[in-house]
Amino acid sequence: MRSIRSFLSAAALASPAVLASDLPAAAEPWIMDREKTAVTFSLEHIGFSLVEGRFRDFDAAIDFDPVAQTASSVSFSIAAKSIDTDWGARDDFIRGDDMLDVEAHPRITFVSSDVRMLSDTEATVTGLVTIKGVSREETFDVVLNGMSPSTEDPGVTLAAFTVTGEVDRSDYGVSAFAPAVATTMALRVDIAARSPGR
Amino acid sequence: MRPDAPNTPVRSARSAARALALLAALGGSLAWAAPAAAYRWEMDRSHSQVKFAVDHLGYSLVHGWFREFDADIDLDPDAVERASVSFRIRADSVDTNWEGRDRYLRGPDFLDAEAHPVISFVSTRVRLVSAEVADITGDLTINGVTRSETLRAALNKYGPSALAGGEVVAGFTISGEIDRTAYGVSFAAPHVGKDVEIRVDLEISPRP
């Protein structure tokens, strides 16, 4: 179990030191900063270009323990109809029966079950992804980009994470135009969160 | 034969393009003998995106798009260094998925979209770095300030598209980094990063 102290000395972050004693003693619900959190994905368009998309509407619950990080957990609930790939006609199609079928399956969810540390700032998180009524275990990479006291309230700690990974849409029955259009989708979730105040 | 998919490229008069596609398929690579009309290309907006990313407080990346833009491209595949490219982007089409931030970005402290509605890039030179990569130098105008910038264009793929009835498509990724403070868009730097990473994915087809 790595301590936050070793993370701070090891990582070359230009942020003021946060003492382990200042931090909450166990996994606590942190508050997601919706303004700086983004759920994005990208898909190769048959080798010509990379099409990026995002989900505009989502909630997250983050229980973070900066000291015993493997005790942390995260869950995301995404409004499937909030898909945005920068082209309205495509988004309408993706919402439809052949793709996400958002009327029957309005939420896409992720609930973590396991966190494994790879270093002081890197981990893998495993959990259940549910898309279009199909649930599968997936594992993603997480990087803690930084952590520092809030400038507005030093009793509050800010943290930023980037979660990356790949999902095969055909595993979830979202198979239209496969295999001509790739089924592997690269996901990226940037999360900004803050600790509960004292 | 081709599915009538909503991500079908939006273009007019496909028959001439089909004839060109046939020629291209026979010719194979970039060096096919094309009629002069093929030097003008049309952008497929459904597969083109203008994306940017900015560092925030050193560790949280904010990404955004510009949703309204168009491009004029003059490109002879046999003489790439004579190509010219120009982009026009509506500054008020900035979208970072947070209306409060977008309103601020459109405002006088940032892009000042009311006074300067168009961000433009007009190429002045194209230099091939390899068979599939070129450096494009041009005049970038943001917030009323014009500066020379060089962006890197990589050709991802060029040939008939299986999903567009065999129509010829050239797909590029154009990337670079600019210092927004050089354009007077300095607010909150360096807390909010001054370096803006740009990535434009572009699919174009010869104009019929």
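Throughout, a chain's letter reflects where its sequence line sits, starting with A, and its residues are numbered from 1.
In terms of heavy-atom pairs under 4.5 angstrom with chain B, the leader among D92(A), I46(A), D57(A), L50(A) is L50(A). Options V51(A), D33(A), D86(A) differ in how many heavy-atom pairs under 4.5 Å they form with chain B, and the most are formed by D86(A).
Around CD of E81(B), the count of heavy atoms belonging to other residues, nucleotides or ligands within 6.0 Å exceeds 12. More than 12 non-hydrogen atoms from other residues, nucleotides or ligands lie less than 6.0 angstrom from CD of E177(B). For E122(A), the CD atom sits in a packed shell: over 12 heavy atoms of surrounding residues, nucleotides or ligands are nearer than 6.0 Å. Counted within 6.0 Å of NZ on K81(A), heavy atoms from surrounding residues, nucleotides or ligands total 12 or fewer; the atom is thus considered open.
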Start with the C-alpha gap between R188(A) and H63(B), add the side-chain angles, then the distance that decides, and say whether side-chain contact (heavy atoms from CB on, under 4.5 Å) holds. CA-CA 11 Å; R188(A) 180 187 168 133; H63(B) 345 236; 3.6 Å; yes

Before you tell me yes or no, could you show the steps for K36(A) and R101(B) under side-chain contact (heavy atoms from CB on, under 4.5 Å), namely the whole-Å CA-CA distance, both residues' side-chain angles and the distance that decides it to 0.1 Å? CA-CA 10 Å; K36(A) 296 193 200 84; R101(B) 176 171 49 222; 4.3 Å; yes

Set out, in order, the CA-CA distance, both residues' side-chain angles and the distance that settles side-chain contact (heavy atoms from CB on, under 4.5 Å) for R34(A) and W98(B), then state yes or no. CA-CA 9 Å; R34(A) 176 61 189 85; W98(B) 188 259; 3.4 Å; yes

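Between D95(B) and R54(A), at least one side-chain nitrogen of the basic residue sits less than 4.0 Å from a carboxylate oxygen of the acidic one, meeting the salt-bridge criterion.
Using modelled atom types, one side-chain atom of Q49(B) and one backbone atom of E52(A) make a donor-acceptor pair closer than 3.5 Å.
Scanning all heavy atoms of the two residues, the minimum distance from F48(A) to G159(B) falls at CZ-O, 3.7 Å.
Contacts of S161(B) with chain A are made by both backbone and side-chain atoms, with heavy-atom separations under 4.5 Å. Both the backbone and the side chain of D84(A) have a heavy atom closer than 4.5 Å to some heavy atom of chain B. For chain B, no part of T37(A) is nearby; none of its heavy atoms comes within less than 4.5 Å.
The structure places OG of S49(A) at 6.0 Å from NE2 of H47(B), a figure rounded to the nearest 0.5 Å.
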